[in-house]
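One structure is given here, and the rest of the page talks about it.
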Amino acid sequence: MGMLMKIIGGQFIFCCVLLHVLVAGGESLEAPELKKNCTYVITIETTCTWGAETSNLVSLRFGDTNSNGILVRHLNSKHLRKVDPLYPVVLDDIPRKPFQACMVDQFEVTAPCVESPICYLYLKLIGNDDWRPGFAHIQVLEGSHLNSNYFYFRRFVPRHVWHGSDVCDSEVTPFGLKKKTKVYVNTP
């Protein structure tokens, strides 16, 4: 019994010394800080072209230059309201079917915050009918300096693939936008 107590006591002292060394060595035992969430208001216009509306599922992917990407799988389920295309007045506060022709829809999403202005946006149409969005815009309620510019589509979005714009690494020149070359290295 005495031998067992010495072994248990020795293990306890060893664990205490190890814990003390970790704490004294600068290791923190605190949990890592979680990234803060932001509220995004997504505004999407559907054009007035015949056949522009859709009842398909629409997904959205957007982010900033620091590769902080946000994915909204079923944007339809986040529908907030319809707004008048000519005036920023709310037409109704009752959620209705989004993506109807000649309508502007707003969606609200809560996700981790971006660190710089939103500079890329992609839409994905999942289903069998076509859809022709006009523009998309994202507002960050926690900081207007993080809002996106307008992303214009004005054509039918291909089905089952991501379609959109990335202006994160571009520079304005007298000859137009100049994209910085991206080099992708094959990793094993």
What is the distance from atom [atom1] of [X] to atom [atom2] of [Y], rounded to the nearest 0.5 Å?
| X | Y | atom1 | atom2 | answer |
| --- | --- | --- | --- | --- |
| Y150 | T43 | OH | OG1 | 7.0 Å |
| C38 | K36 | SG | NZ | 5.5 Å |
| I44 | M103 | CD1 | CE | 13.5 Å |
| T54 | R132 | OG1 | CZ | 14.0 Å |

Evaluate the side-chain proximity of [Y] to [X]: yes if any heavy-atom separation is below 4.5 Å, no if none is.
| X | Y | answer |
| --- | --- | --- |
| I70 | V114 | yes |
| L60 | I42 | yes |
| F153 | L123 | yes |

Under the salt bridge (Lys or Arg N to Asp or Glu O under 4.0 Å) test, residues paired with [X] that sit two or more places apart:
| X | value |
| --- | --- |
| E115 | K35 |
| D130 | R159 |
| R154 | E45 |
| R73 | none |

Original post:
With sequence neighbours left out, what residues match T46 under side chain to side chain donor-acceptor pair (under 3.5 Å)?
Top reply: W131
**OP:** Starting from the C-alpha separation in whole Å, work towards a yes-or-no answer on side chain to side chain contact (heavy atoms under 4.5 Å, CB included) for L146 and I118.
**Re:** CA-CA 6 Å; L146 300 172; I118 295 167; 5.6 Å; no
Whether the side chain of [X] engages the backbone of [Y] through a donor-acceptor N/O pair (distance < 3.5 Å, no angle test) should be reported.
| X | Y | answer |
| --- | --- | --- |
| S148 | I138 | yes |
| D105 | F99 | yes |
| H74 | S59 | no |

**OP:** List the steps, then state whether side chain to side chain contact (heavy atoms under 4.5 Å, CB included) holds for D129 with S55.
**Re:** CA-CA 8 Å; D129 58 344; S55 58; 3.8 Å; yes
Can you name the closest pair of heavy atoms from [X] and [Y] and give their distance?
| X | Y | answer |
| --- | --- | --- |
| F156 | A52 | CE2-CA, 4.2 Å |
| P133 | R155 | CD-O, 3.7 Å |
| L75 | V72 | CD1-CG1, 3.9 Å |

**OP:** Following the transitive rule for hydrophobic clusters with a side-chain heavy-atom cut-off under 4.5 Å over Ile, Leu, Val, Met, Phe, Trp and Tyr, establish whether F151 and V157 coincide in one cluster.
**Re:** yes
**OP:** Give every residue pair that meets the salt bridge (Lys or Arg N to Asp or Glu O under 4.0 Å) criterion with at least one member in residues 135-153, sequence neighbours excluded.
**Re:**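 Every candidate salt bridge (Lys or Arg N to Asp or Glu O under 4.0 Å) pair involving residues 135-153 fails, so no pair, neighbours aside, qualifies.
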Subject >> Summary of salt bridge (Lys or Arg N to Asp or Glu O under 4.0 Å) pairs that have at least one residue in residues 47-65, sequence neighbours excluded >> reply: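 Those involving residues 47-65 do not exist here.
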Original post:
If you look only at pairs with a residue in residues 38-62, which of them pass as a ring pair (Phe, Tyr, Trp, His ring centres under 6.0 Å), with sequence neighbours excluded?
Top reply: Y40-F62
**OP:** For atom CG of N149, decide whether the heavy atoms of other residues, nucleotides or ligands shown that lie under 6.0 angstrom number more than 12.
**Re:**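 Check fails, neighbour count at 12 or below.
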Subject >> S144: partners by side-chain contact (heavy atoms from CB on, under 4.5 Å), with sequence neighbours left out >> reply: N147
Subject >> side-chain contact (heavy atoms from CB on, under 4.5 Å) partners for T65, two or more places apart >> reply: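 With neighbours one apart ignored, the set is S116, C119, C168.
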Original post:
Can you name the residues that form a ring-ring contact (aromatic ring centres under 6.0 Å, His included) with Y152, not counting sequence neighbours?
Top reply: none
Subject >> Transitive ILVMFWY cluster of L57, excluding itself - 4.5 Å side-chain cut-off >> reply: I126
